[in-house]
Number of protein chains: 2
Amino acid sequence: MTVTLADVAARAQVSPATVSRVLNGNYPVAAATRERVLRAVDDLDYVLNGPASSLAAATSDLVGILVNDIADPFFGIMASAVQSEITGPGGRAGGERMAVVCNTGGSPERELTYLTLLQRQRAAAVVVTGGAIEDAPHAAAIGGKLRRLGEAGSQVVLCGRPPADEAPDAVALTFDNRGGGRRLTDHLIGLGHRRIGYIAGPTERTTTRHRLEGHQEALAAAGVPDDPRLTLHGPYDRRSGYDATLELLRRAPELTAVVAANDTVALGACAALRDRGLSIPDDVSVAGFDDLPFSIDAVPALTTVRLPLYEAGARAGRIAMGREEEPPGGIATVHGELMVRGSTGTPRRA
Amino acid sequence: MTVTLADVAARAQVSPATVSRVLNGNYPVAAATRERVLRAVDDLDYVLNGPASSLAAATSDLVGILVNDIADPFFGIMASAVQSEITGPGGRAGGERMAVVCNTGGSPERELTYLTLLQRQRAAAVVVTGGAIEDAPHAAAIGGKLRRLGEAGSQVVLCGRPPADEAPDAVALTFDNRGGGRRLTDHLIGLGHRRIGYIAGPTERTTTRHRLEGHQEALAAAGVPDDPRLTLHGPYDRRSGYDATLELLRRAPELTAVVAANDTVALGACAALRDRGLSIPDDVSVAGFDDLPFSIDAVPALTTVRLPLYEAGARAGRIAMGREEEPPGGIATVHGELMVRGSTGTPRRA
DNA sequence: CCATGAGTAGCAAGCGCTTTCTATTGGGGA
DNA sequence: TCCCCAATAGAAAGCGCTTGCTACTCATGG
C-alpha cells in the first residue's frame, strides 16, 4: 500500500541502505547511483516514514514551543520568532527541524501533557514561553519534567519565564517584569499621580506577581501609600480591564491613573473610562505593558513597557538550535523599555 | 540508559505485551497485574517512545494546524479553537491527540515543507487555515500533497480557504469573503460614498481577490465607476494600511472612504488619516474586515465584517476529530456579519 | 469427571528505517 | 605486475513497540 524505502531500493536497483544514505546525505554515494535513487523516489512519490526513521536513528527533528494562549499576540510574536529561527528563513534551513507550537491555555495540566508528548517524541528542543504558575506542586511537576527532558537530550529554553530551580540545565531568558513595572509607576508618580489603580493579571503567575511588585516598589520608594483596595486581579483580557476599571472607579472615584497588567487589559480600561465619560489622560491616565502592535493605535496611544518579544523569541530559538551560546549561568534578563505616549499625562484633578 | 517497555515488564514481572496493553488500555488485563505494571512505570519514570509506538501501531496522534502568520490574531484565534477541540477542554480528552501549529509565514514552500513533515509523521489530521496562494504550480503542488495526505489516511480540513480541486477528499469550511466585501461596500455606498479607496491584501491570495471582488461587485451594482487608481495592494499589516492611505490621499484627495483588506490594515489607515489631520468618519470613513478583538477598541470603533473565526476553527477541529459530520459535498460556506460602528458615517464632503 | 469457554498472559513476528561491519571494485605506487 | 587502499555498495542487526495467535487457568455445565 504505502511506498517504503525498500520499494525505492528495488526500483533503483540498489540496497535500502544506499537509499537511506542518499536521503540523509551523510556517507558518500556515487553521483550516478544517487541520481537513480532520487528518480525512483520521485517516481514512487516516496515519503520517509518519520516514526521509523526517528526510532532507528534515535533522534527527532521536532522542536516544541509551549505558549499560554496562542490567540494572544504576546505569545504569537514570540512563537513566530522562535519558529523563524528554527525553520530558517527559507523555510527549511538550519537542519530541517520542525517547530510546532502547543497551546497550553495556561493550564499546568496541559502544559504537563504537552511536555510528556514532546518527551515521547524525543523532541530536539523545547521552548517554554510565558510566566509560570506559582503553585508549588505544579511548579515542581513541571520543573521535574523539564529536567528529565534535558537529561534525555532535549535542549530546554525558557523564554519570558523565570528559571526553574528543578531544571538547572534549562536556559532561561527572563523578562524584567519587576523593573518594567517599577519604571511605569515611577513615571506616573513623576507626573504627579498619587491615587493609582492597578489591574493585575491572574494570581499565582510569576508575571503577575513581578509586575505588581515593581508597581509596589515604586509606590514605596515615593512614599505613596499602597491602598490594597486599588489592586484588582483578573485574567489577561479586555473584559477584565473593563470590569476592573468600573470597580476601581466605584471604590475610588478620585483615582487619577490606572495601570493595567498588559496592553489588552489596558484597552479594556480605556473603553470603560470612555463609557464613563472620562477623558484619557486628562481625567485618568492609563498605562499598559508589553507594547503589542495595536497599542500604538489606541487613541490616545498607550503608554506602556515595550518588551522585545520578537528579539527574545529569536534568541531563544537560536539557543534551542545551538546556534547561539548560552548566557552565563544559563540565565539572561531581558529588559523592557518605557514607552511614554499619549495615554498618560499630569493629573487634572490631583 | 533510557527506560524501555522491556525494563518496565521486567520490573513488574510480566511480558512486554502486557505492559503495552496496560498502557494502551484496550485488551483486558487483571486489576492486580495492571496495578503492578503501573507501579513499575511510576518507579522507573517510564515514558513511552513515541516513534516506536507510532511505527508499530502505524498510527499517530498528531494533528497539524497550518497557519499563515501565528503572530496575527486572525490565525491565532482559529488555531486556538481548533486546538481546544482536539485537545479537549480538560487538557487531554478526546483521544489524547496532540495538536501542533505550524507557521508557514504564507510561503508556499514552507507550507509544502510542513505538509511533508506532517505526512512523514502520519498525522491523524491536518487543518489548513487561511487563504491560498493562487499561483498555479504552487496550488497544484499543495493540492496534490493534500490529496496524498488524505489517501494516506489523514483527515484534511481547510478552514477559511476555498476547496482545492486537487484534493477532493478535503473538507472545506470557506469564508464568504466575497459576500462580506460586497456588504461592506454596499453599506458605504448606502451612506452616500462614491469615491472609495480600497487597500487590498497581497495579490495572488484567494482571500485578497474575493474580498476585492465583493467590493467591485458592490460598486458595479450601484453604478459607481471603479477607478483602478483607488485600489492598492500590500501585505496584511498596519504599515501597509498607513502607507497606502497616504498614497490614496495623494491620488484622490476628494476620497471619502477607505476600505481595508482587514482590521490591522484599517488601523494603519486610521493612523494615517489622523496624522493628516482628517477626522474619522467626518472627513473619511474607514472600514476593516475580520472584526478582531482590538477593532472594537479603536477610536472610533471600526466598522468591519465579523468572521466567526473561533466557531469556524472549532468546527474544523471537530470535523478533524471525526466528532462532527462533514458538510454535504465536503464544503460549507461560513458567512460574515456586517458590524456597523463609529468609523463609518455619511460623507461630509460628498 | 471431563469437555467447554471465558479470562488473562506470553510468544514472536514484524513496523520501516539507520548504521556498523563486511564485501567488492578500480587505481596507483612499489 | 602485484598489492593495498580509497571509494562505494550491501548484508544484517537492531531501534522499542504493538498485536495476532497460542497457551494456560479455572469455573461451569453436561
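The analysis underlying the following values was restricted to heavy atoms, covering all of them including side chains, and did not include hydrogens, waters or symmetry mates. A, B, ... follow the sequence lines: proteins, then strands. Residue 1 opens every chain.
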Touch class at under 4.0 angstrom, heavy-atom based, for Val29(A) against every strand present: sugar-phosphate
Basic-acidic side-chain contact under 4.0 Å: Arg315(A), Glu325(A):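 Not counted as a salt bridge, because no side-chain N and carboxylate O are separated by less than 4.0 Å.
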Nearest 0.5 Å, what's the [atom1]-[atom2] distance between [X] and [Y]?
X         : Y         : atom1 : atom2 : answer
Cys102(B) : Ile65(B)  : SG    : CD1   : 8.5 Å
Asp169(B) : Leu149(B) : CG    : CG    : 11.0 Å
Tyr46(B)  : Leu38(B)  : OH    : CG    : 12.5 Å

Derivation of the side-chain contact (heavy atoms from CB on, under 4.5 Å) call for Val101(A) and Phe75(A): CA-CA 10 Å; Val101(A) 359; Phe75(A) 293 101; over 6 Å; no
Near DNA chain C, which residues from [range] have a heavy atom under 4.0 Å away?
range                     : result
residues 2-15 of chain B  : Val14(B), Ser15(B)
residues 30-38 of chain B : Ala30(B), Thr33(B)
residues 43-60 of chain B : Leu55(B), Ala56(B)

Expected output: side-chain Thr87(A) to main-chain Gln83(A) donor-acceptor under 3.5 Å: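 Yes, Thr87(A) side chain to Gln83(A) backbone: donor-acceptor pair under 3.5 Å.
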The criterion is side chain to side chain contact (heavy atoms under 4.5 Å, CB included); which residues satisfy it with [X], sequence neighbours excluded?
X         : result
Ala17(B)  : Ser15(B), Arg21(B)
Ala140(B) : Glu166(B)
Ala167(B) : Leu146(B), Arg147(B), Ala164(B), Ala170(B)
Ala81(A)  : Tyr310(A), Ala314(A)

Pairing residues for Arg11(A) by the side chain to side chain donor-acceptor pair (under 3.5 Å) criterion, not counting sequence neighbours: Asp43(A)
Side chain to side chain donor-acceptor pair (under 3.5 Å) partners of Glu35(B), counting only residues at least two apart: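 In terms of side chain to side chain donor-acceptor pair (under 3.5 Å), with neighbours along the sequence ignored, Glu35(B) is linked to no residue.
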Where chain B begins and ends its contact with DNA chain C, read 5' to 3' at 4.0 Å from heavy atoms: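 For DNA chain C, the relevant span reads dT8(C) to dG16(C).
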Donor on one side chain, acceptor on other, Asn49(A) and Ser53(A), under 3.5 Å: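 Result is no, nothing qualifies.
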Overall bend - the helix from dC1(C)-dG30(D) to dA30(C)-dT1(D), comparing terminal axes fitted on five pairs, nearest 10 degrees: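 What I find for the helix from dC1(C)-dG30(D) to dA30(C)-dT1(D) is an axis angle of 50°.
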Rounded distance in Å - CZ (Arg21(B)) to C1' (dC17(D)):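 Whole-Å distance recorded here is 12 Å.
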Between P of dT8(D) and CG of Asn26(A), the distance in whole Å: 14 Å
For Asn68(B), the option from Thr104(B), Asn103(B), Val128(B) that meets side-chain contact (heavy atoms from CB on, under 4.5 Å): Thr104(B)
Distance-only donor-acceptor test, Tyr27(A) side-chain atoms vs dA7(D) base atoms, 3.5 Å: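 Side chain to base: no pair present.
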All pairs passing side chain to side chain donor-acceptor pair (under 3.5 Å) where residues 121-146 of chain A contributes a residue, at least two apart: Glu109(A)-His138(A), Thr116(A)-Lys145(A), Gln119(A)-Lys145(A), Glu134(A)-Arg209(A), Asp135(A)-His138(A)
